[in-house]
Amino acid sequence: MSEAEKTTLEKRPSLRSKLFTKELFEEKELPQEHKNAKTHHMVKDKTWLHKIGNSNTTNLWHHLKRNHLNKNPKKAKNLMVETQNALVPSADMIKNDILENFKVEQKRMSELFQSAPGRISFALDSWISMNSYSFLAITVHWITKNWRLQDKLLDFIDLSGPYSDENLCNAFVRSCHKFGILTKIFAVTSDNTSNNITFMKYLENTCQRKNISFNATNSHCQCLAHIINLVVQEILKQVKAGEAQIEDEIMDDMDSSTNAGEIIPKLHKLVVKVKLSPQRQERFARHAEAANLKELSHILDVRTWWNSTFDMLSHAFMMREAIDAMVNSDKDLRNFEITDDEWDKINEIISVLKIFVQTTKILSTAKYPMLSSSIPIYNYLMDRLEAYCENFDSSNDIVIAVKAGLKKLEFYYEKSDETTMYTIATVLDPRFKLGYYEDNKWKQSFIHYAKDTVLNAYNTNYAPGSTNVEVVDDNDNEFLDHIFGKKKNHQNEVEIYLKNPRADQNQDVLLWWKLNEVEYTHLAAMARDYLAIAATSVPVERIFSGGTDLITAKRSNLKKKNNSRLYVFEIMVGMRRI
């Protein structure tokens with residue numbers, strides 16, 4: 001290597017690795033045909049290739065194909081440096097390797113989905129990235145032969161063209177066809193936007209043309225977490241909470257006056273004023289210490305997560321004494337002083353939001369079936385909100401806000417009657433059965449309706465002789481039948497199930513069905529389908545959280561298709577742990 005070449009290499013920041021310094025290798029005389037090639041070096045009698053100066057890796061690989069036909073150009077070369085091997089693939093090679101592995105993983109996941117016993121349910125939602133690309137994420141949900149609830153990413157689709165209901169449906173159907181599972185579709189969970197309603201109608205028409213059983217209304221589960229968010233946002237709107245803002249937006253609005261009753265916007269400004277000043281933060285820490293309070297960092301809520309408003313208010317109320325002392329000692333903060341009455345209102349808002357916190361945490365888990373708990377959750381929330389209103393003056397601002405939220409909750413609760421999924425899932429939960437309705441003094445007419453609904457679905461699709469049922473073939477069951485004799489009980493499995501006592505409230509639902517599958521062979525197949533339906537689209541939201549890690553400011557020029565493939569591949573590789 002000439003001194004000029006060495007100097008060129010040392011100037012290039014991207015080639016600072018010690019692999020490219022002269023001291024690491026012993027120069028040998030190259031064959032005549034490679035005398036003028038600046039891509040070769042001899043290291044301990046072995047030839048290796050590397051990038052020199054301003055040349056590019058594409059030319060390097062072209063040279064390999066032309067002059068080294070005995071080597072596999074698709075594989076990276078080994079750089080033999082003393083006793084170490086260093087892998088130097090090109091950008092194109094990395095891309096091609098990822099795409100090849102993506103296809104392998106896609107095939108593996110396709111086989112996994114197709115082998116799922118019974119039917120498959122889906123959850124979907126759309127997302128817009130920081131570079132304004134639209135994506136549709138789809139997750140699949142099923143219960144395995146061993147009664148484990150599965151929640152996996154099916155696809156992360158780049159949406160091209162108009163954001164229409166028909167376009168969404170076409171993208172969804174293409175993805176299902178790609179994995180060969182459209183015929184296994186059972187239910188779809190999404191949020192409550194109008195385009196998702198019409199999307200379901202398009203999907204129903206598509207399935208009918210393919211002779212696939214699917215009903216747009218009965219097979220649509222509206223995301224309960226989204227409904228709770230709408231209810232909470234309605235309550236916050238009524239108490240003049242204002243929309244959550246980022247710090248820059250709050251600073252731009254700092255000089256505008258705060259109207260009477262706008263307590264939360266005032267708190268926003270106060271938090272930002274303290275947060276953006278190191279001196280104020282130090283003074284606040286001293287006030288907290290003087291009040292024997294453990295200093296906590298200041299919290300601002302965010303638009304997309306109502307729980308953050310609860311966290312912000314709870315934190316502020318906990319630090320009330322230090323905040324009051326801080327405001328009283330800083331004249332620039334006097335405009336943001338929170339009065340005793342306003343602190344009392346904040347405490348009331350916290351007590352209302354606390355009603356929703358626990359249910360949201362429960363709904364956010366993906367470990368257990370949640371559709372069976374949806375009706376009890378609806379009724380728990382309505383009972384708690386009604387009890388709150390009864391305990392306070394009806395003219396109270398917070399009571400008025402809670403009544404507005406309750407009205408919205410009741411609206412969506414009534415819409416749950418449009419599908420039989422909720423009722424059937426509740427009855428098929430061995431902790432509830434019909435006893436849940438009886439314990440809570442529901443009308444006998446509804447209890448009879450609930451039983452008839454389950455019986456009708458069972459007799460139509462799951463009873464012995466039905467062509468729609470997929471009963472799991474378990475060799476252990478065959479062995480037990482052989483030893484003890486197969487039960488010849490022609491009584492309807494639903495009737496037997498409902499007559500037997502309910503399971504304990506702490507019982508693992510899926511474990512119960514696993515242990516009782518022998519007794520309720522066909523009803524267990526029905527439970528496997530209904531209990532797998534996602535009550536929320538939270539699993540899809542988790543996918544979007546990871547999407548922000550992939551599509552960053554430095555990767556914003558990646559093609560949409562490559563973004564999709566990269567992210568699906570990343571998730572699929574992670575699935576190997578299952």
Side-chain angles (χ1 to χ4, degrees), residues 123 125-128 189-197 221-247 249-250 253 258-259 261-269 271 299-317 342 345-364 374 377-386 388-389 392 396-416 535-538 540-542 544-545:
D125 202 353
S126 55
W127 176 66
I128 299 178
T189 302
S190 68
D191 62 29
N192 311 287
T193 55
S194 58
N195 65 324
N196 279 331
I197 306 298
C221 177
Q222 298 191 15
C223 174
L224 183 51
H226 182 251
I227 291 170
I228 290 177
N229 181 63
L230 293 176
V231 172
V232 173
Q233 295 298 345
E234 181 65 26
I235 293 173
L236 293 174
K237 174 185 172 184
Q238 295 295 325
V239 297
K240 302 178 183 179
E243 190 178 53
Q245 297 174 301
I246 60 176
E247 291 177 4
E249 292 173 337
I250 295 173
D253 194 43
T258 304
N259 297 324
E262 294 182 343
I263 307 169
I264 298 178
K266 186 195 295 188
L267 182 60
H268 284 155
K269 294 179 180 181
V271 168
I299 298 176
L300 270 179
D301 52 356
V302 295
R303 290 188 179 99
T304 55
W305 188 36
W306 71 261
N307 302 57
S308 64
T309 303
F310 171 79
D311 292 338
M312 179 187 72
L313 295 177
S314 299
H315 172 275
F317 193 79
E342 289 173 333
K345 254 186 187 177
I346 287 176
N347 192 31
E348 285 185 49
I349 296 171
I350 292 171
S351 65
V352 171
L353 296 184
K354 195 177 290 184
I355 297 172
F356 298 92
V357 170
Q358 188 60 34
T359 53
T360 301
K361 287 180 179 178
I362 293 172
L363 284 170
S364 297
S374 294
I377 286 174
Y378 268 118
N379 283 275
Y380 166 78
L381 292 174
M382 289 188 294
D383 289 346
R384 290 291 305 274
L385 295 179
E386 287 172 354
Y388 180 88
C389 293
F392 293 93
N396 182 298
D397 291 345
I398 308 298
V399 171
I400 294 172
V402 169
K403 285 182 177 179
L406 180 59
K407 183 177 180 181
K408 186 173 286 288
L409 182 62
E410 289 171 340
F411 168 77
Y412 285 107
Y413 177 60
E414 290 174 3
K415 290 178 73 68
S416 68
T536 74
S537 54
V538 170
V540 187
E541 296 293 337
R542 293 196 189 100
F544 296 151
S545 298

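The basis for the numbers below is simple: all heavy atoms, side chains too, and nothing from hydrogens, waters or symmetry mates.
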For [X], which residues count as a side chain to side chain contact (heavy atoms under 4.5 Å, CB included) partner, sequence neighbours excluded?
X: F411; answer: K415
X: K407; answer: none
X: D191; answer: D125, T193, N196, H226

Nearest heavy-atom pair of [X] and [Y]: which atoms, and what distance?
X: A123; Y: S537; value: CB-CA, 4.5 Å
X: C389; Y: V402; value: SG-CG1, 3.5 Å
X: S374; Y: A535; value: OG-CB, 3.7 Å

Between [atom1] on residue [X] and [atom2] on residue [Y], distance to nearest 0.5 Å:
X: L236; Y: N229; atom1: CG; atom2: CG; result: 9.5 Å
X: I377; Y: I362; atom1: CD1; atom2: CD1; result: 6.0 Å
X: T309; Y: H268; atom1: OG1; atom2: NE2; result: 6.0 Å
X: S308; Y: H315; atom1: OG; atom2: NE2; result: 13.5 Å
X: L267; Y: I346; atom1: CG; atom2: CD1; result: 5.5 Å
X: L381; Y: L409; atom1: CG; atom2: CG; result: 6.0 Å

How about Y388 and E348: does a side-chain donor come under 3.5 Å of a side-chain acceptor?
yes
Sorted by chain and number, sequence neighbours left out, side-chain hydrogen bond (donor to acceptor under 3.5 Å, both in side chains) with N379 holds for Y413
side-chain hydrogen bond (donor to acceptor under 3.5 Å, both in side chains) with Q222: which residues, sequence neighbours excluded?
none
Return yes if some donor-acceptor pair links the side-chain N/O of T359 with the main-chain N/O of F356 below 3.5 Å, else return no.
yes
Are the side chains of [X] and [Y] in touch, meaning some heavy atoms are under 4.5 Å apart?
X: I228; Y: L363; value: yes
X: K403; Y: Q238; value: no
X: V239; Y: I263; value: no
X: L224; Y: Y378; value: yes
X: Q233; Y: L230; value: no
X: T536; Y: T189; value: no

Partners meeting salt bridge (charged side-chain N to carboxylate O under 4.0 Å, His left out) with D397 (sequence neighbours left out)
K345
Taking it one step at a time, do V231 and E234 satisfy side-chain contact (heavy atoms from CB on, under 4.5 Å)?
CA-CA 5 Å; V231 172; E234 181 65 26; 5.7 Å; no
